[in-house]
Amino acid sequence: MPDSRSLPLLAVTMGDPTGVGPEVIVAAWGDARVHAVCRPVVFGHPELLRRAVVAVRSAARVVEIAGPEDAHSTADVICCVPTGTDDALCAVPRQIDARGGQAAYDALVAAADAALAGRVDGIVTAPLNKAALWEAGHHYPGHTELLAEHCGVADVAMMLYLGPAAFASRSRGLGVVHVTLHTALRNVFDELSEDAILAKARLVDTMMTRLNGVRPTIGVCALNPHAGEEGLFGDEEQRMIAPAVARGLAEGLPLVGPLPTDTLMVRARDGEFDAVVAMYHDQGHIALKLLGMHHAVNITLGLPIVRTSVAHGTAFDLAWRGTADYRSMIEAIEVAGRLAAGRTAAE
């Protein structure tokens, strides 16, 4: 094992305390893989972490520290940089509560600021509840959009990623990036454009090259059934998706498409594609989560900082019962550690 002082320092945000965030952090903390790839430190309320320690029957001890530079976390010690106020302690478990939304916001902004200042090498986020975030007065569709504004960038994307261990027939990881994201389905048609499709293809090309070490082959989803069936079921493929693919090929992007999504995802599973450009949220999410829900990682592309997350939500039905699945948190920390270590080495 490498000297821990050489490992990336990662801020893990607690997320909405009414959901499973605190529990999956504490449960993952005892896994040796976490401490093999990074020096983790939690941003959130330490008392909520202590409650989670009890809920999952962990033997770990929570220690408050002034800043991430003071982190000395081990499998048995969870260092926590306090964020937010004690109002978070009154947020009602398993319910939408503005106090939970505010706690998630406070932890995220503090961690992002630490990353932007170079005080941590990346951030890993536990889930927040979007309705609670709005009730707290922060009108963002989710982490991705909030972080984009906070970091001052416009060209970002959500990518779900599964590492090669999740597959029987793949030697490399698979990423699915989304052209439109947290929007009503009726808005997708208005938000799609050649430029938007091409921008996401560029982002996924860069990220998957970093993760896999080789240039990816990228499959581009059609929007309509049967890729529009030559215009019978819609003409978006002809009007914008195929032209975006042609433009991408002209600039050297390894694109194939537009292809019907039902068969494209099977081909991607079997190793023909290393990345997929999905046109909307569920088109990409459902397929990838069926392939490996609890091993999937959410990666934000285009930020000036490393950010990964679990690939699930606050899971109110499971929260504070001590049984939430924490494998996605381990995967998210491992991927963030790899990305942060690669960025540090490049610098």
Side-chain angles (χ1 to χ4, degrees), residues 1-15 20-44 49 52-53 55-63 68 71-80 111 115 120-127 159-168 170-175 207-208 210-213 288-289 291-300 305-312 315 322-345:
M1 180 179 293
D3 183 346
S4 62
R5 292 170 296 182
S6 68
L7 295 175
L9 180 61
L10 297 183
V12 183
T13 66
M14 188 174 289
V20 297
E23 294 169 86
V24 297
I25 291 172
V26 171
W29 210 267
D31 194 288
R33 290 172 289 177
V34 168
H35 304 278
V37 298
C38 73
R39 292 173 292 141
V41 55
V42 180
F43 278 57
L49 272 183
V53 165
V56 303
R57 297 178 178 83
S58 168
R61 178 169 54 94
V62 178
V63 176
H72 55 278
S73 298
T74 66
D76 298 321
V77 176
I78 303 174
C79 288
C80 179
V120 297
D121 299 306
I123 67 174
V124 180
T125 59
M159 184 182 85
L160 291 185
Y161 171 76
L162 277 174
F167 300 94
R170 291 184 57 92
S171 60
R172 297 190 295 268
L174 172 64
M207 178 55 72
M208 291 306 297
R210 288 176 63 188
L211 285 169
N212 285 341
L288 198 80
K289 288 187 177 183
L291 291 175
M293 167 75 179
H294 295 295
H295 295 283
V297 177
N298 177 348
I299 306 175
T300 306
I305 62 175
V306 170
R307 182 261 171 162
T308 69
S309 180
V310 295
H312 57 76
T323 58
D325 196 305
Y326 56 90
R327 287 175 291 177
S328 185
M329 176 57 74
I330 294 173
E331 300 280 356
I333 292 172
E334 285 193 298
V335 171
R338 286 174 53 198
L339 292 173
R343 172 176 287 191
T344 302

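The model shown is predicted, which means the values in this text are computed figures rather than measured ones. What's counted below: heavy atoms across the whole structure, side chains too, no hydrogens, waters or symmetry copies.
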What's the shortest heavy-atom distance between Gly21 and Ala126, and which atoms?
CA-CB, 3.8 Å
Say you draw a straight line from CD of Glu331 to NE2 of His294; how long is it, rounded to the nearest 0.5 Å?
12.0 Å
Met329 and Asp31: side-chain contact (heavy atoms from CB on, under 4.5 Å), yes or no, with the steps?
CA-CA 11 Å; Met329 176 57 74; Asp31 194 288; over 6 Å; no
Rounding to 0.5 Å, atoms NZ (Lys289) and CG (Leu162) come to a distance of 11.0 Å
What are the two closest non-hydrogen atoms of Phe43 and Ala111, and how far apart are they?
CD2-N, 3.7 Å
Let's go through Leu160 and Asn298 carefully: what are the C-alpha distance in whole Å and the side-chain angles of both, what is the deciding distance for side-chain contact (heavy atoms from CB on, under 4.5 Å) to 0.1 Å, and is it a yes or a no?
CA-CA 5 Å; Leu160 291 185; Asn298 177 348; 4.1 Å; yes
Could you walk me through whether Asp325 and Val20 pass side-chain contact (heavy atoms from CB on, under 4.5 Å), step by step?
CA-CA 9 Å; Asp325 196 305; Val20 297; over 6 Å; no
In a check of side-chain contact (heavy atoms from CB on, under 4.5 Å) between Ile333 and each of Val297, Ile25, Val37, Val310, which one passes?
Val37
For Val24 and Tyr326, the nearest pair of non-hydrogen atoms, with its separation, is O-CB, 3.7 Å
First locate atom CZ of Arg172, then atom CE of Met208, and finally report the distance between them rounded to the nearest 0.5 Å.
8.5 Å
Hey, does the side chain of His35 reach the backbone of Pro40 with a donor-acceptor pair shorter than 3.5 angstrom?
no
To the nearest 0.5 angstrom, please state how far the OG1 atom of Thr74 sits from the CH2 atom of Trp29.
9.5 Å
Phe167 CZ: over 12 foreign heavy atoms closer than 6.0 Å:
yes
Which atom of Leu10 lies closest to which atom of Gly337, heavy atoms considered:
CD1-N, 3.7 Å
Cys79 SG to Arg61 CZ distance, which is reported to the nearest 0.5 Å
8.5 Å
About how many Å separate CG of Asp121 and CD1 of Ile305, when rounded to the nearest 0.5 Å?
11.5 Å
Kindly indicate whether the side chain of Ile299, heavy atoms from C-beta on, has any atom under 4.5 Å from the side chain of Leu211.
yes
side-chain contact (heavy atoms from CB on, under 4.5 Å) partner of Val41, chosen from Val12, Leu9, Ile78
Leu9
Mind checking salt bridge (Lys or Arg N to Asp or Glu O under 4.0 Å) for Arg39 and listing every partner two or more places apart, or none if nothing turns up?
none
Please report the closest heavy-atom contact between Cys80 and Gly44, naming both atoms and the distance.
SG-O, 3.4 Å
Please walk me through it: do Leu291 and Leu174 pass side-chain contact (heavy atoms from CB on, under 4.5 Å)?
CA-CA 10 Å; Leu291 291 175; Leu174 172 64; 4.2 Å; yes
Does the Glu23 side chain pair with the main chain of Gly322, one donor and one acceptor, at a distance under 3.5 Å?
yes
Under the 3.5 angstrom rule, does the side chain of Arg170 hit a backbone N or O of Gly173 as a donor-acceptor pair?
yes
Excluding sequence neighbours, so at least two apart, what forms salt bridge (Lys or Arg N to Asp or Glu O under 4.0 Å) with Arg210?
none
Between Thr125 (side chain) and Thr13 (backbone), is there a donor-acceptor pair under 3.5 Å?
no
Check: Ala311 main-chain N/O paired with Ser328 side-chain donor or acceptor under 3.5 Å
yes
Non-hydrogen atoms of Ala28 and Val34 that approach each other most closely:
O-CG2, 3.4 Å
